[in-house]
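What follows is a short report on a single structure.
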Amino acid sequence: MEKKQELYRGKAKSVFATDDPNRLIMLFRDDTSAFDGQKIEQLARKGKTNNKFNYFIMKKLEAAGVPTQIEEMLNDNEIVVKKLDMVPVECVVRNVTAGSICRRLGVEQGMDLKVPTFEFFLKNDALHDPMVNDSHIIAFGWGTQEQIDEMKALSLKINDVLKKMFDDAGFILVDYKLEFGLFNGKLVLGDEFSPDGCRLWDKVTRESFDKDRFRKDLGNVIEGYEEVARRIGCPLD
Ligand code: ADP
Ligand code: UDP
């Protein structure tokens with residue numbers, strides 16, 4: 001597959017066109033960003049770790065019946081994916097309170113939720129990704145009711161699979177963000193699932209093994225990601 005021009009350079013990944021109009025090459029860079037891009041650093045091995053982590057998780061999800069963008073791993077930092085027409089919202093599922101839900105609702109961190117919550121946020125850094133609901137998505141034409149229903153159902157199905165997988169590895173899956181897109185009119189999981197976009201706490205110590213280590217300057221960020229990979233059996237070499 002021939003790599004062509006860079007179509008988009010995001011905060012952490014770049015996407016390149018290929019000679020196949022339906023496929024992209026996604027490059028995972030070492031750039032690490034937080035607070036809508038206000039804090040950016042290069043962390044050695046991050047691109048490679050997240051590329052391999054994402055591939056491992058998406059393969060697991062596919063095996064559980066979730067349609068994903070994954071095609072083939074090209075090298076340490078690059079993967080071939082289906083070119084999706086992205087729905088411009090982030091889907092966030094929470095099992096335990098942390099992050100923005102604590103700030104918005106004034107609740108303490110670390111509360112077990114009776115059932116998982118599901119939230120939509122508009123992808124817009126300049127507006128700090130405001131929360132939106134179904135009616136906004138339909139009214140602005142970002143998606144249909146059917147697509148909304150499917151994003152929710154798939155996000156919660158993913159929760160069943162991943163909560164158990166991380167629990168078996170000694171982690172609490174606190175929350176995570178997903179992005180979906182359309183491929184030939186069908187909803188498919190895109191972007192990435194890695195410790196950059198989820199919160200994982202050790203079940204015993206409740207220590208963070210995710211991007212909160214970077215947000216809060218706790219150190220050993222990638223060592224944390226590598227420990228998660230090791231415990232879930234995701235090969236990094
Ligand atoms: P950001 O845009 O938030 O800075 P990234 O650095 O992760 O994020 O850039 C990746 C971009 O590629 C995101 O805008 C994401 O929506 C988009 N994207 C992810 N997966 C696909 C895909 N399979 N097809 C097309 N675009 C995708
Ligand atoms: N998240 C993400 N990208 C975003 C916003 C959130 O990957 O643009 C992830 C984040 O890492 C966490 C979950 O989604 O695992 C919920 O994030 P929250 O709404 O609590 O926002 P935060 O306080 O992390 O900014």
Side-chain angles (χ1 to χ4, degrees), residues 6-18 20-40 46-47 50-51 54 58 67-71 77 79-105 107 109-110 113 116-132 142 155 159 162 166 171-184 186-201 208-216 221 225:
E6 188 174 38
L7 296 175
Y8 177 78
R9 184 180 169 87
K11 296 186 293 296
K13 303 191 289 300
S14 298
V15 289
F16 295 85
T18 68
D20 180 342
N22 292 315
R23 303 282 182 274
L24 296 173
I25 292 176
M26 194 178 272
L27 165 70
F28 286 72
R29 307 194 312 270
D30 285 344
D31 295 319
T32 312
S33 83
F35 313 120
D36 302 312
Q38 287 171 46
K39 175 174 175 171
I40 299 181
K46 199 205 68 150
N50 280 2
N51 185 31
N54 176 56
M58 289 217 179
T68 83
Q69 65 184 354
I70 295 294
E71 292 281 310
N77 289 70
I79 184 171
V80 181
V81 295
K82 294 183 182 70
K83 180 178 183 172
L84 306 182
D85 184 8
M86 299 304 287
V87 182
V89 296
E90 299 185 338
C91 301
V92 171
V93 175
R94 300 175 199 270
N95 296 304
V96 175
T97 58
S100 74
I101 200 168
C102 298
R103 296 192 293 275
R104 262 180 292 121
L105 303 183
V107 294
Q109 174 172 294
L113 294 160
T117 61
F118 179 89
E119 301 162 332
F120 284 120
F121 296 91
L122 179 65
K123 258 185 83 75
N124 186 321
D125 283 338
L127 298 177
H128 307 295
D129 294 351
M131 185 186 252
V132 292
W142 299 323
S155 297
N159 197 39
L162 296 187
F166 285 118
F171 292 107
I172 301 166
L173 177 58
V174 172
D175 58 28
Y176 55 90
K177 181 268 298 180
L178 303 171
E179 292 181 30
F180 293 91
L182 298 172
F183 190 72
N184 296 329
K186 192 170 157 270
L187 209 67
V188 172
L189 178 63
D191 205 50
E192 77 181 276
F193 190 103
S194 75
D196 262 10
C198 68
R199 287 192 171 91
L200 292 164
W201 294 350
S208 293
F209 281 79
D210 53 64
K211 197 151 91 176
D212 273 350
R213 297 193 72 83
F214 173 70
R215 293 188 187 98
K216 299 179 182 173
V221 179
Y225 292 19

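When a ligand or atom number is given, it counts from 1 through the structure's own listing order. Treat the numbers as computed from the prediction; the structure is a model and nothing was measured.
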Using a 4.0 Å cutoff against the non-hydrogen atoms of [X], which atoms of ligand 2 qualify?
X      : value
Glu90  : 3 (N), 4 (C), 5 (C), 8 (O)
Asp129 : 8 (O)
Gly99  : 20 (O), 23 (O)
Ala98  : 20 (O)
Cys198 : 11 (O), 15 (O)

[atom] [closest protein heavy-atom partner, distance rounded to 0.1 Å]:
atom                    : answer
atom 12 (O) of ligand 1 : Val15 CG1, 4.1 Å
atom 16 (O) of ligand 1 : Glu179 OE1, 2.8 Å
atom 8 (O) of ligand 1  : Lys11 N, 4.1 Å
atom 7 (O) of ligand 1  : Lys13 NZ, 2.5 Å

Which option out of [options] puts a heavy atom nearest to [atom]?
atom                    : options                        : answer
atom 11 (O) of ligand 2 : Arg199, Glu192, Arg94, Arg215  : Arg215
atom 7 (O) of ligand 2  : Gly197, Cys102, Gly37          : Gly197
atom 19 (C) of ligand 1 : Asp129, Asp196, Asp191         : Asp191
atom 3 (N) of ligand 2  : Lys177, Met131, Glu119, Lys11  : Lys177
atom 18 (P) of ligand 2 : Ser33, Ser100, Ala12, Pro195   : Ser100
atom 24 (N) of ligand 1 : Val81, Leu84, Asp85            : Leu84
atom 25 (O) of ligand 2 : Arg103, Glu179, Lys123, Lys211 : Arg103

Residue-level breakdown please: for [X] versus ligand 1, do any non-hydrogen atoms fall below 4.0 Å on the side chain, on the backbone, on both, or on neither?
X     : answer
Gln69 : side chain
Met86 : side chain
Lys82 : backbone

Please confirm whether [X] comes within less than 3.5 Å of ligand 1 when only nitrogen or oxygen atoms on both sides are compared.
X      : answer
Ala12  : yes
Tyr8   : yes
Glu192 : no

N/O of Arg104 under 3.5 Å from N/O of ligand 2, yes or no?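 In fact, backbone or side chain, Arg104 has no N or O that close.
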Stepwise side-chain contact (heavy atoms from CB on, under 4.5 Å) test for Arg199 and Gln109: CA-CA 12 Å; Arg199 287 192 171 91; Gln109 174 172 294; over 6 Å; no
Is ligand 1 less than 4.0 angstrom away from at least one heavy atom of Arg9?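 So Arg9 does not count as touching ligand 1.
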Assess Lys123 for proximity to ligand 1: is some non-hydrogen atom of it under 4.0 Å away?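 Under 4.0 Å: yes for Lys123.
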Assess whether side-chain contact (heavy atoms from CB on, under 4.5 Å) is satisfied between Gln69 and Met26, documenting all intermediate values. CA-CA 11 Å; Gln69 65 184 354; Met26 194 178 272; 4.0 Å; yes
Which ligand 1 atoms are under 4.0 Å away from a heavy-atom of Leu24?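 Answer for ligand 1: 24 (N), 25 (C).
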I need the atoms of ligand 1 closer than 4.0 Å to a non-hydrogen atom of Met26, numbered in the order shown.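 With Met26 as reference, the close atoms of ligand 1 come out as 19 (C), 20 (N), 21 (C).
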